[in-house]
Amino acid sequence: MNNVVYIISGPTASGKSLIAYYLAKRIDGEIVNCDSIQLYKYMDIGSAKPSEKAMSEVKHHLYSIEDPSQNMTVAEYRKLAIGTINEILSRGKTPIVCGGTGLYLNAILYDMDFGAVPDDEERRQELEHLAEERGSFYMHEYLQGLDPEAAARIHPNNTRKIIRAIEAYEYGKGIKNLSDCPLNPDYDFRFFALTMEREWLYDRINRRASRLISEGLVDEVSGLLEMGYSPDLPSMKGIGYKEIIGFLRGEYDLFDAKELIMRNTRHYAKRQYTWLKRYDFVKWIEITKGETVGGVVDRILNS
RNA sequence: GCUCAGAUAGCUCAGUAGGUAGAGCAGGGGACUGAAAAUCCCCGUGUCCCUGGUUCGAUUCCGGGUCUGAGCA
């Protein structure tokens, strides 16, 4: 049975969605979202979801499937993504995973085992309060006593990861090392990452921020707030959302909000590069100015 | 035109009681197993505006100049 799975990744604003869409048309593929924010409903403009036209011409999976009040997790995403990929393959089509969320990419690429660590909101809040009272260093010491190996891998200032490791320990699983996983043997991956000159990418990022605002990002965000979604929700912490919330609260003007979005998006793109560079088997597709989408797709198919 | 204030990293500024300088932001690099667009770590040499003077030594003190801002005319 054919088990080819294309992956189109790359930093934000590098043109993943468009390339994936053209690739899908060329090889009769279907797109599987691998972007943590595009999974959410009502967050269309800020997360730069694919166009209506693209969505109507090519099957797009895992877009707008979760309510913003819900908390998506890697474990959950893995189940959904693997299920979708298998379903597409069973119909004889080719899945094209598209997105730049590194951890979610890992969940597909590697045979990751997420133990049964149930959600325990109460315990998490307890630990968060403890961290606030006693400080991050104290929490790290505490983890040191429970799981020295995990403590050695986590920086004492990284409260969030320390708490997660404590939770995992308490459910008897401990936290695993990301680089210890074997590649997922079920698929024949064709893994590509788009890239371009840094200056050009930043220019695209800046211009996209302006475009999102002129396309109605402010209305989208105030709509979400009116629907009752709290600014504290993980979904509302996405780039574009948190900055517009600050503007709506009167913390700064729209110009500054836009500048913040640009800056935070640039930082994010940098982190994405760091993540992607760890994969020694990824094929980088360097896009040059003036190159056609068709040309890029050709290069992907020929490599 | 006069008076005053300023001129230091890409930007905003601190500082050196005279021994060639450091923060924030920007920028660069990195980590990552259930929040990941999250969270966290590392990276600071630049004619200290120019030019004379004093001094062993001036970015720092003094004189002159240039530019910028405010006030007065």
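When the P atom is used for both rU16(B) and rG10(B), the distance is 23 Å, rounded to whole Å. One C1' atom belongs to rA7(B), the other to rG15(B), and the distance between them is 15 Å to the nearest Å. Spacing between rG22(B) and rA35(B) at atom C1', rounded to whole Å, works out to 36 Å. Look at the C1' atom in both rA23(B) and rG64(B): the space between them is 34 Å, to the nearest Å. For the C1' atoms, the distance from rC67(B) to rC50(B) is 11 Å, rounded to whole Å.
Geometrically, Arg271(A) does not engage Trp275(A) in a cation-pi contact defined by less than 6.0 Å to the ring centre and at most 45° from the axis.
For the contact set between residues 126-142 of chain A and RNA chain B, defined by any heavy atom under 4.0 Å, the members are Glu128(A).
Relative to the side chain of Asn71(A), the nucleotides rG29(B), rA36(B), rA35(B) differ in distance, and rA35(B) lies closest. The side chain of Pro234(A) lies closest to rA36(B) when the candidates are rU33(B), rA36(B), rA31(B). Among rC25(B), rA37(B), rC32(B), the nucleotide with an atom closest to any side-chain atom of Asn177(A) is rC32(B). Proximity note for Ser36(A) (side chain, C-beta onward) versus rA37(B), rC41(B), rA36(B): the nearest is rA37(B). With rA26(B), rA31(B), rA36(B) as the choices, the nucleotide that has an atom nearest any side-chain atom of Thr274(A) turns out to be rA31(B). Closest approach to the Tyr202(A) side chain among rG30(B), rA36(B), rG27(B) is made by rG27(B) (side chain taken as heavy atoms from C-beta onward). Checking rA37(B), rC41(B), rG27(B) against every side-chain atom of Arg266(A), the shortest atom distance belongs to rG27(B).
Taking the charged nitrogens against the carboxylate oxygens, Glu167(A) and Arg123(A) have no contact shorter than 4.0 Å, which rules out a salt bridge. Between Glu87(A) and Arg91(A) a salt bridge is recorded (basic side-chain N to carboxylate O distance below 4.0 Å). Here Arg78(A) pairs with Asp111(A) in a salt bridge; the nearest charged N to carboxylate O distance falls below 4.0 Å.
Between rC32(B) and Arg278(A), a contact under 4.0 Å exists linking OP1 or OP2 to a side-chain N or O. A close approach under 4.0 Å does not occur between any side-chain nitrogen or oxygen of Arg78(A) and OP1 or OP2 of rU33(B). In this structure, Asn157(A) reaches the rC41(B) phosphate: one of its side-chain N or O atoms is under 4.0 Å from OP1 or OP2. Distances shorter than 4.0 Å separate none of the side-chain N or O atoms of Arg164(A) from OP1 or OP2 on rU33(B). In this structure, Arg198(A) reaches the rG28(B) phosphate: one of its side-chain N or O atoms is under 4.0 Å from OP1 or OP2. For His267(A), a side-chain nitrogen or oxygen approaches OP1 or OP2 of rG27(B) to under 4.0 Å. Between Arg153(A) and rC32(B), a side-chain N or O to OP1/OP2 separation shorter than 4.0 Å is absent. Proximity of Thr101(A) to the phosphate of rA36(B): no side-chain N or O atom is located under 4.0 Å from OP1 or OP2. At the phosphate of rU33(B), neither OP1 nor OP2 sits under 4.0 Å from any side-chain N or O atom of Tyr110(A).
If you take CG of Leu105(A) and C1' of rC32(B), they are 14 Å apart, rounded to a whole angstrom. Between the P atom of rC41(B) and the CZ atom of Arg271(A) lies a distance of 13 Å, rounded to the nearest Å. The nearest whole Å value for the distance from the CG atom in Asp232(A) to the P atom in rU39(B) is 12 Å. The distance between atom CE of Met72(A) and atom P of rA37(B), rounded to the nearest whole Å, is 12 Å. Spacing between atom CZ of Arg263(A) and atom C1' of rC25(B) amounts to 8 Å, rounded to whole angstrom units.
For rC32(B), the base has a donor-acceptor partner in the side chain of Lys161(A) [N/O atoms by modelled type, under 3.5 angstrom]. Checked by distance alone, Lys270(A) brings no side-chain donor or acceptor within 3.5 Å of a matching partner on the base of rG27(B). Side-chain to base pairing of Asn158(A) with rA31(B): no donor and acceptor N or O lie closer than 3.5 Å to each other.
Arg208(A) and Thr265(A) form no side-chain donor-acceptor contact under 3.5 Å, judged by distance and modelled atom types alone.
Nucleic acid contact for Gly46(A): base, since at least one base atom lies under 4.0 Å from a heavy atom of the residue. Looking at heavy-atom distances under 4.0 Å, Thr159(A) makes no contact with the nucleic acid at all.
When Watson-Crick and G-U wobble pairs are counted only if both distances are under 3.5 Å, rG24(B) pairs with rC11(B). Under the Watson-Crick or G-U wobble criterion, with both distances below 3.5 Å, rU39(B) is paired with rA31(B). When both distances must be under 3.5 Å, the Watson-Crick or G-U wobble mate of rG1(B) is rC72(B). Of all nucleotides present, only rG19(B) satisfies the Watson-Crick or G-U wobble test against rC56(B), with each distance under 3.5 Å. Across all strands shown, rG46(B) has no partner, as no Watson-Crick or G-U wobble contact with both distances under 3.5 Å is found.
Separation of atoms CD1 (Ile7(A)) and CD1 (Ile85(A)) is listed at 7.0 Å; rounding is to 0.5 Å.
Considering every non-hydrogen atom in both Ala13(A) and Leu201(A), the closest pair reads O-CD1, 3.8 Å. Across all their heavy atoms, Val58(A) and Ala24(A) have their closest contact at CG1-CB, 3.6 Å. The two atoms that bring Val296(A) and Ile19(A) nearest to each other are CG1-CD1, 3.7 Å, heavy atoms only.
Between Phe191(A) and Phe281(A), the ring-plane angle classifies as tilted under the 30° and 60° cut-offs.
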